[in-house]
Amino acid sequence: MRVELKGLAHRFPGTDVLFENLDYTIEPGVTVAVCGPSGCGKSTLLLILAGWEKPYRGTVVRDGVKRIGWVFQNPYGVAERTALDHVAFPLLAKGMRRREAEPEALRAMDLFDLSYAADRRFSDLSGGEAQRLMLARAVCSRPDMLLVDEPTAQLGIPEPHIP
Ligand SMILES: Nc1ncnc2c1ncn2[C@@H]1O[C@H](COP(=O)(O)OP(=O)(O)OP(=O)(O)O)[C@@H](O)[C@H]1O
Ligand SMILES: [Mg+2]
């Protein structure tokens, strides 16, 4: 399993070139962080990696990557459903029984220190809890490649001091 980027470049109609000459191979088991200022093309690069956006130039070869997981920049959930339900759902959709899916979902929530909120409704979660929930859900469904957009945006990291 690997993802190979060759000569990747992108621009949208109406934007400058966001990035170009991007050659990179993502090996199995590796975490790659993409950093850059707002609007530089980080989310766009993830869309291209997932195959949801066609690059302006260059290619992405996804070798052996069948299931792609996404954690979006903003957490989306179903207001009335419990946190646990959100994590268990992909397992149930894969055919697992609820009595196996829920303990596994709880273990994934535990990885993100979230098991205390298992029975809370999604609408009652804080922004950071909702984001950790989305991470737990993504990890729990064991995708071949996990794309996480701004994974700490809501996690209460102190704002830079602006005088
Ligand atoms: N479908 C589109 N059509 C035209 N322009 C777009 C489109 N999608 C994104 N853009 C523009 O492309 C640039 C890169 O957007 P992108 O969402 O990739 O930035 P980002 O690095 O993820 O920013 P942020 O840190 O704010 O999330 C932005 O200037 C954005 O306005
Ligand atoms: Mg973005």
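Whatever order the structure lists them in is the order used to number ligands and atoms, beginning at 1. Every heavy atom of this structure was used, including side-chain atoms; hydrogens, water molecules and symmetry mates were not.
Residue Glu53 places every heavy atom at 4.0 Å or more from ligand 1. Within the 4.0 Å heavy-atom shell around ligand 1 one does not find Gly14. The shortest heavy-atom distance from Gly36 to ligand 1 is not under 4.0 Å.
For Met1 against Pro28, the heavy-atom pair with the smallest separation is O-CG, 2.8 Å.
Within the structure, ring pair (Phe, Tyr, Trp, His ring centres under 6.0 Å) pairs that include any residue of residues 73-99 comprise His86-Phe122 (at least two apart or interchain).
The Mg ion (ligand 2) has Ser43 OG, Gln73 OE1 as protein N, O or S atoms under 2.8 Å away.
The proximity of Asp149 to ligand 1, defined as any non-hydrogen pair under 4.0 Å, does not occur for either the backbone or the side chain.
Taking a cut-off of under 4.0 Å to the non-hydrogen atoms of Thr15, the atoms of ligand 1 that pass are 5 (N), 11 (C), 12 (O). Which parts of ligand 1 touch Thr44 is read off a 4.0 Å heavy-atom cut-off, strictly below it: atoms 14 (C), 15 (O), 16 (P), 18 (O).
Considering backbone and side-chain N/O of Phe12, none are found under 3.5 Å from N/O of ligand 1. Among the atoms of Gly39, some N or O lies under 3.5 angstrom from an N or O of ligand 1. Ligand 1 has no N or O atom lying under 3.5 Å from any N or O atom of Leu18, backbone or side chain.
Exactly one of Val65, Val3, Leu45, Ile26 qualifies for a side chain to side chain contact (heavy atoms under 4.5 Å, CB included) with Val60. That residue is Val3.
In this structure, atom 14 (C) of ligand 1 is in close contact with the protein, since a protein heavy atom lies within 4.0 Å of it. Per-atom contact check: atom 31 (O) of ligand 1 does not touch the protein, criterion being a heavy-atom distance below 4.0 Å.
When side chains are defined from C-beta on, Leu125 counts as touching Leu133, because their heavy atoms get closer than 4.5 Å. With a 4.5 Å cut-off on side-chain heavy atoms, Arg57 and Leu8 do not count as touching.
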> Where do Thr82 and Asp119 land on the side chain to side chain donor-acceptor pair (under 3.5 Å) test, with the steps shown first?
Replying inline: CA-CA 5 Å; Thr82 66; Asp119 295 327; 5.5 Å; no
